[in-house]
Participant: 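Sharing a structure, written as structure tokens. Questions coming.
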Protein chains: 2
Amino acid sequence: MTSGDSVPRRGRRRRRPSGDDRERAILATAERLLAERAVHDISIDDLAKGAGISRPTFYFYFPSKEAVILTLLDRVAEEVRRRPARAGERVSEDLAEIHTTFRVHAPVMFAVAQIVGESEEAGKLWGEILEEFVAGVTAAIESELERGAALEGIAPRSLAIALVWMLERVLHTSLAGQQPALGLDDALDIVLGVWSRAIYGNDTFGG
Amino acid sequence: MTSGDSVPRRGRRRRRPSGDDRERAILATAERLLAERAVHDISIDDLAKGAGISRPTFYFYFPSKEAVILTLLDRVAEEVRRRPARAGERVSEDLAEIHTTFRVHAPVMFAVAQIVGESEEAGKLWGEILEEFVAGVTAAIESELERGAALEGIAPRSLAIALVWMLERVLHTSLAGQQPALGLDDALDIVLGVWSRAIYGNDTFGG
DNA sequence: TATTTAGTCAACGGCACGTCGATACACATC
DNA sequence: GATGTGTATCGACGTGCCGTTGACTAAATA
């Protein structure tokens with residue numbers, strides 16, 4: 001809409017480096033504040049003040065608060081994409097990986113969960129991250145099917161989608177304490193058990 | 001906080017009837033608007049105008065927009081609670097029931113999902129509704145365990161929590177088109193399959 | 001030196017919010 | 001009929017945050 005730049009940019013993500021420390025300061029401030037309050041209790045002025053700049057100057061770096069969070073999420077996305085593609089890996093490794101991603105970036109995740117309802121783009125990006133996991137789990141299930149270890153009857157991708165969303169919700173509620181929730185300590189084991197049953201029909205990962 | 005009434009009220013939920021048509025008009029307007037736009041694109045003025053009153057008058061009936069949505073959700077909650085408690089029912093019936101609730105009240109559900117991040121009380125009430133379902137599924141699993149049809153090894157309630165949240169997310173993403181999602185037509189079958197495997201270890205509901 | 005370009009912010013206008021105070025009306029009580 | 005009490009209504013106000021404009025500085029570049 002307001003685009004007349006020579007350098008095409010897509011909403012978030014700045015054009016040139018240099019005053020680049022400021023940008024980092026804003027992101028750092030956002031991360032710090034998100035660890036202590038909800039998105040909606042953080043104003044653009046808070047982010048600006050935290051980065052040592054005025055509110056109008058904030059807009060020089062980001063078009064909105066949402067854009068800041070999306071940039072934070074972008075980092076997570078790249079971290080996820082950068083992970084080695086281990087073909088035929090055990091599904092339990094996928095699960096552990098998702099779990100780790102969640103715990104390490106919990107504040108960002110919560111923020112994203114809060115703006116997903118308001119922001120088209122947030123939902124899209126979050127979906128892309130989960131898509132990575134779905135792809136991994138799908139591949140693992142297919143490999144187990146060929147081995148003859150997994151149950152036939154449900155399309156691997158469909159199964160993977162259901163399992164990944166289950167994990168997402170269980171971890172989210174467990175970390176957020178949103179009832180009904182599993183305990184932080186049990187959550188992973190329980191989900192692992194359900195995954196095993198859903199893929200192999202038993203609690204021993206087909207073994 | 002602002003309570004000095006003889007009749008104790010808890011935020012939402014009006015004190016006396018009479019100008020009660022107005023209250024209904026506000027709720028009806030909210031439901032209508034929620035079917036066409038997101039919560040954040042609906043202002044209090046929109047609700048007031050839709051109900052044929054001014055904005056200040058809106059506050060005579062509800063303390064906030066959130067309160068309106070919570071009242072809408074309250075209705076759903078009562079509908080869910082009013083359902084007959086059929087002990088030992090098949091889990092597939094629980095599933096079908098949750099599915100129905102979702103589809104019928106989809107706009108309200110989406111609205112709730114959007115404000116859950118902002119409103120403590122919304123999360124609580126939504127949790128209570130899911131808790132109803134969790135209780136039902138837990139009972140069904142326990143009954144199947146006694147019958148010897150279900151797999152041992154995962155606490156029934158923990159399993160129920162994981163399964164209900166999975167269903168919640170799958171239905172939500174499927175209805176909202178939030179990727180990665182299952183198709184609207186497949187969703188129920190897939191989830192049913194996963195539930196069967198997670199409880200019985202096979203695709204035939206233990207039979 | 002002149003010109004551009006990155007970076008900065010005071011000040012403005014706007015929108016939605018929540019509140020206050022005045023009012024109007026019904027109905028009971030004196 | 002006067003007077004009160006509680007319900008219902010809204011105009012008008014102050015506030016907070018938002019996003020933009022326009023003018024400014026400082027540094028790079030011609």
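Naming: A, B, ... by sequence-line order, numbering from 1 per chain.
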Participant: Whole-Å distance between dG16(D) C1' and Lys49(A) NZ?
Facilitator: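 After rounding, the gap between these two atoms is 13 Å.
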
Participant: Distance check needed: dC15(C) C1' versus Asp41(B) CG, whole Å only.
Facilitator: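 Spelled out: CG on Asp41(B) to C1' on dC15(C) is 14 Å.
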
Participant: From CZ of Arg22(B) over to P of dC10(D), roughly how many Å is that when rounded to an integer?
Facilitator: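 Nearest whole value for this atom pair: 7 Å.
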
Participant: Can you identify which nucleotide, out of dC18(D), dA8(D), dG18(C), has its nearest atom closest to the Tyr59(A) side chain?
Facilitator: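 Minimum distance to the Tyr59(A) side chain belongs to dC18(D).
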
Participant: Quick check: closest heavy atoms across Val194(B) and Ile154(A), and the distance to 0.1 Å?
Facilitator: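 Smallest heavy-atom distance, with atoms named: N-CD1, 4.0 Å.
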
Participant: Asp46(A) and Ser43(A): side-chain donor and acceptor closer than 3.5 Å?
Facilitator: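 There is such a pair between these side chains.
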
Participant: Check Arg83(B) with Glu79(B), please: is the shortest side-chain N to carboxylate O separation under 4.0 Å?
Facilitator: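 No, no charged N to carboxylate O under 4.0 Å.
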
Participant: Which of these nucleotides, dT8(C), dG18(C), dA8(D), is closest to any side-chain atom of Tyr61(B)?
Facilitator: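 Of all the options, the side chain of Tyr61(B) is nearest to dA8(D).
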
Participant: Taking atom P of dA16(C) as reference, at what distance in whole Å does atom CZ of Phe58(B) sit?
Facilitator: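 My rounded result for the distance is 15 Å.
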
Participant: Just by distance, no angles: are the side chains of His40(B) and Glu118(B) close enough, under 3.5 Å, to form a donor-acceptor pair?
Facilitator: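 Per modelled atom types, His40(B) and Glu118(B) side chains form a pair under 3.5 Å.
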
Participant: Specify the separation, in whole Å, of atom CD1 of Ile44(A) and atom C1' of dG14(C).
Facilitator: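 Spelled out: CD1 on Ile44(A) to C1' on dG14(C) is 15 Å.
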
Participant: Select one nucleotide: of dC17(C), dT7(D), dG7(C), the one nearest the side-chain heavy atoms of Phe60(A).
Facilitator: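 Given the options dC17(C), dT7(D), dG7(C), the side chain of Phe60(A) is closest to dG7(C).
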
Participant: Does a donor on one side chain and an acceptor on the other come within less than 3.5 Å for Glu168(A) and Trp126(A)?
Facilitator: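 The answer is yes; a qualifying pair exists.
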
Participant: Starting from C1' on dA6(C), measure out to CD on Glu23(A) and report it in whole angstrom.
Facilitator: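 It is 14 Å, rounded to the nearest whole Å.
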
Participant: To the nearest angstrom, how far is Ile26(A) atom CD1 from dT8(C) atom C1'?
Facilitator: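 Interatomic distance, CD1 of Ile26(A) to C1' of dT8(C): 12 Å.
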
Participant: Remember a base hit wins even if backbone is also touched, and classify Ser43(A) as base, sugar-phosphate or nothing at under 4.0 Å, heavy atoms.
Facilitator: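 Contact class for Ser43(A): sugar-phosphate only.
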
Participant: When you get a sec, tell me which of dA11(C), dT8(C), dT7(D) is the closest nucleotide to the side chain of Arg55(A)?
Facilitator: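 Side chain of Arg55(A) sits closest to dA11(C).
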
Participant: Whole angstroms only, please: what is the CG-P distance between Leu47(B) and dG18(C)?
Facilitator: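 These atoms are roughly 12 Å apart.
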
Participant: Look at the side-chain N and O atoms of Ser54(B) and state whether any lies under 4.0 Å from the OP1 or OP2 oxygen of dC10(D).
Facilitator: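 So the side-chain polar atoms of Ser54(B) do come within 4.0 Å of the phosphate oxygens OP1 or OP2 of dC10(D), strictly under.
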
Participant: Consider the side chain of Pro56(B), meaning its heavy atoms from C-beta on, and name the nucleotide among dC9(C), dT20(D), dA12(D) that approaches it most closely.
Facilitator: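 When the side chain of Pro56(B) is considered, dA12(D) is the closest of dC9(C), dT20(D), dA12(D).
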
